[in-house]
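Everything below concerns the one structure shown next.
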Amino acid sequence: MNTDTAIRKQVLTREDLFFIVDAFYKEVRKDEVLGPMFNATIHDWQQHLEKITDFWFNQIFDTRVYKGHPMEAHVEFDKKMHYSITPTHFGTWLFYWLNTINTYYEGANAELLKERARKMQTVLYLKIFEHRPQKSHNKLDEPS
């Protein structure tokens, strides 16, 4: 989609957020690296999409609908992936997130979604790294 000529919307509702989350994960699931990781871990995609939409709804509209622990979930995900999550994975994740938002949305809430995701990728990776067993602390990026 050419965003120069497309009319982009404001992020105003939970439905807008669901659209972003759904479009984002459609791209992530096709990615050569991220796709297999997510597809092997998430078995109920509809439930996951709803939960992640609730997370972003909390972030943007200051609600309390999200029930979960994102730090714990990502630490556990890294463990299931044998401590192989790298900053490159988070960079790819962020690329898809920003691209999805930029394709369909604009305005203050779209910018806030992008800003929070940028901060979140750093915090989540640091938390993952902090919880790794000492012997895996040398896995900062892709294996040589």
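Everything quoted here is computed from the prediction, not taken from an experiment.
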Compare all side-chain heavy atoms of K9 with those of E106 and state whether any distance is below 4.5 angstrom. no
A side-chain contact here means heavy atoms from C-beta on lying under 4.5 Å apart; do R29 and N39 qualify? yes
Transitively linked via ILVMFWY side-chain contacts under 4.5 Å: M81 with F38? yes
Can you see which heavy atom on I101 is nearest to which on A110, and at what distance? CG2-CB, 3.7 Å
Any link between F95 and Y125 through a network of hydrophobic side chains (Ile, Leu, Val, Met, Phe, Trp, Tyr) touching at under 4.5 Å? yes
Do the charged groups of K80 and E76 touch, with an N to O distance under 4.0 Å? no
What about the rings of Y66 and F55, do their centers lie closer together than 6.0 Å? yes
With F24, the ring-ring contact (aromatic ring centres under 6.0 Å, His included) member among W56, Y96, W97: W97
State, yes or no, whether a side-chain contact exists between W93 and M120 at a heavy-atom distance under 4.5 Å. yes
Any link between I52 and V65 through a network of hydrophobic side chains (Ile, Leu, Val, Met, Phe, Trp, Tyr) touching at under 4.5 Å? yes
Looking at every heavy atom in both H131 and V75, which two are closest together, and how far apart are they? CB-CG1, 3.7 Å
Under a 3.5 Å threshold, yes or no: a donor from one side chain and an acceptor from the other, between T92 and H89? no
Heavy-atom count check: over 12 atoms from other residues, nucleotides or ligands less than 6.0 Å from K79 NZ? no
Counting C-beta onward and ignoring hydrogens, is there a side-chain heavy-atom pair between N58 and D54 closer than 4.5 Å? no
Please state whether the rings of F57 and F61 are parallel, tilted or perpendicular, taking 30° and 60° as the class boundaries. tilted
Assigning hydrophobic clusters by single linkage (Ile, Leu, Val, Met, Phe, Trp, Tyr; side-chain heavy-atom cutoff under 4.5 Å), is V21 placed with W45? yes
